[in-house]
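Inspection log for the structure reproduced underneath, given as structure tokens.
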Amino acid sequence: MQLGRLNHVGIAVPDLASAIAHYQEVLGATDITEPFDLPEQGVKVCFVNTPGHDGTEGTQLELLAPLSEDSPVTGFLAKNPLGGQHHVCFEVPDIGEARAEFERQGKRILGPTRIGAHGTPIFFIHPKDMMGQLTEIMETPKGNH
Ligand SMILES: CC[C@@H](C(=O)O)C(=O)SCCNC(=O)CCNC(=O)[C@H](O)C(C)(C)COP(=O)(O)OP(=O)(O)OC[C@H]1O[C@@H](n2cnc3c(N)ncnc32)[C@H](O)[C@@H]1OP(=O)(O)O
Ligand SMILES: [Co+2]
């Protein structure tokens with residue numbers, strides 16, 4: 001297993017509009033995407049794009065609000081009503097190979113591989129098998145290899 005680029009940090013928030021205002025007004029974020037629903041993931045999401053140095057690509061914060069009571073972020077927000085860091089997402093060149101490798105290591109993979117917010121396949125690994133950190137693995141978008 002080879003660690004790839006940090007694609008995004010997922011942040012659970014109770015309310016997207018307030019969170020967007022916070023990142024704009026307190027942190028000076030100037031590039032925030034329009035929120036959109038991902039019903040198959042149970043979340044409403046938008047991205048805060050952070051700039052890189054010298055024209056390099058920065059990374060993203062992924063702001064996540066629940067779409068329903070059975071959303072995967074509902075339980076997290078019940079325990080953390082202000083919201084907080086929910087997951088980290090690393091890129092890999094081949095999602096099938098990565099999944100097989102984590103399975104070989106005995107890590108608990110949460111559900112099937114599915115298409116994520118960036119349009120490429122993703123899966124999640126249980127935080128209790130990843131030193132307390134819910135970990136998303138995503139295939140690098142074509143053209144970014
Ligand atoms: C926007 C789309 C997509 C993308 O393309 O980027 C996304 O990122 S979608 C993001 C939301 N989707 C997911 O998170 C899917 C995977 N998550 C899950 O399957 C569940 O959320 C979970 C991780 C299994 C947690 O389930 P839940 O029912 O909320 O909690 P449990 O009670 O089962 O928790 C067990 C244990 O784990 C601790 N925990 C829970 N969530 C986290 C977390 N985010 N980070 C760290 N630890 C977490 C929880 O506190 C429990 O610990 P104990 O209390 O010690 O038992
Ligand atoms: Co994510």
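Each ligand, and each atom within it, is numbered from 1 in the order the structure gives. Remember, it's a predicted structure, so these values are computed and weren't measured experimentally.
Side-chain contact between Val9 and Gln85 is present, with at least one heavy-atom pair separated by less than 4.5 Å. Residues Phe124 and Thr135 are not in side-chain contact: their nearest non-hydrogen atoms beyond the backbone lie 4.5 Å or more apart. Looking only at side-chain heavy atoms (C-beta outward), Gln133 and Val88 come within less than 4.5 Å of each other.
In terms of hydrophobic clustering, with Ile, Leu, Val, Met, Phe, Trp and Tyr side chains grouped at heavy-atom distances under 4.5 Å, Leu134 and Met130 are assigned to different clusters.
For residues 6-26, the side-chain hydrogen bond (donor to acceptor under 3.5 Å, both in side chains) pairs, not counting sequence neighbours, are Asn7-Glu91, Asn7-His118, His8-Glu62, His8-His87, His8-Glu136, Asp15-Ser18.
Taking the side-chain hydrogen bond (donor to acceptor under 3.5 Å, both in side chains) definition, one finds that Thr30 meets it with nothing, sequence neighbours left out.
Looking only at distances, a side-chain donor or acceptor of Thr74 sits under 3.5 Å from a matching main-chain atom of Glu69. The backbone N or O of Ile95 lies less than 3.5 Å from a partner atom in the side chain of Glu139, making a donor-acceptor pair.
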* Under the side chain to side chain contact (heavy atoms under 4.5 Å, CB included) rule, what do Asn49 and Thr33 come out as? Steps first, then yes or no, please. => CA-CA 8 Å; Asn49 292 306; Thr33 68; 4.0 Å; yes
For ligand 1, run through the N/O pairs with the protein that fall under 3.5 Å and put one pair on each line.
residue: ligand 1; atom: 5 (O); partner: Ala117; partner atom: N; Å: 2.8
residue: ligand 1; atom: 5 (O); partner: Glu136; partner atom: OE2; Å: 3.4
residue: ligand 1; atom: 6 (O); partner: His8; partner atom: NE2; Å: 3.1
residue: ligand 1; atom: 6 (O); partner: Glu62; partner atom: OE1; Å: 3.0
residue: ligand 1; atom: 6 (O); partner: Glu62; partner atom: OE2; Å: 2.6
residue: ligand 1; atom: 6 (O); partner: Glu136; partner atom: OE1; Å: 3.0
residue: ligand 1; atom: 6 (O); partner: Glu136; partner atom: OE2; Å: 2.9
residue: ligand 1; atom: 8 (O); partner: Glu62; partner atom: OE1; Å: 2.8
residue: ligand 1; atom: 8 (O); partner: His87; partner atom: NE2; Å: 3.1
residue: ligand 1; atom: 8 (O); partner: Glu136; partner atom: OE1; Å: 3.0
residue: ligand 1; atom: 21 (O); partner: Pro72; partner atom: O; Å: 3.2
residue: ligand 1; atom: 44 (N); partner: His86; partner atom: O; Å: 2.9
residue: ligand 1; atom: 50 (O); partner: Lys79; partner atom: NZ; Å: 3.1
residue: ligand 1; atom: 52 (O); partner: Lys128; partner atom: NZ; Å: 3.2
residue: ligand 1; atom: 54 (O); partner: Lys79; partner atom: NZ; Å: 3.4
residue: ligand 1; atom: 55 (O); partner: Lys128; partner atom: NZ; Å: 2.8

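At a cut-off of 2.8 Å, measuring from the Co ion (ligand 2), the protein N, O or S atoms that fall short of it are His8 NE2, Glu62 OE1, His87 NE2, Glu136 OE1, waters left aside.
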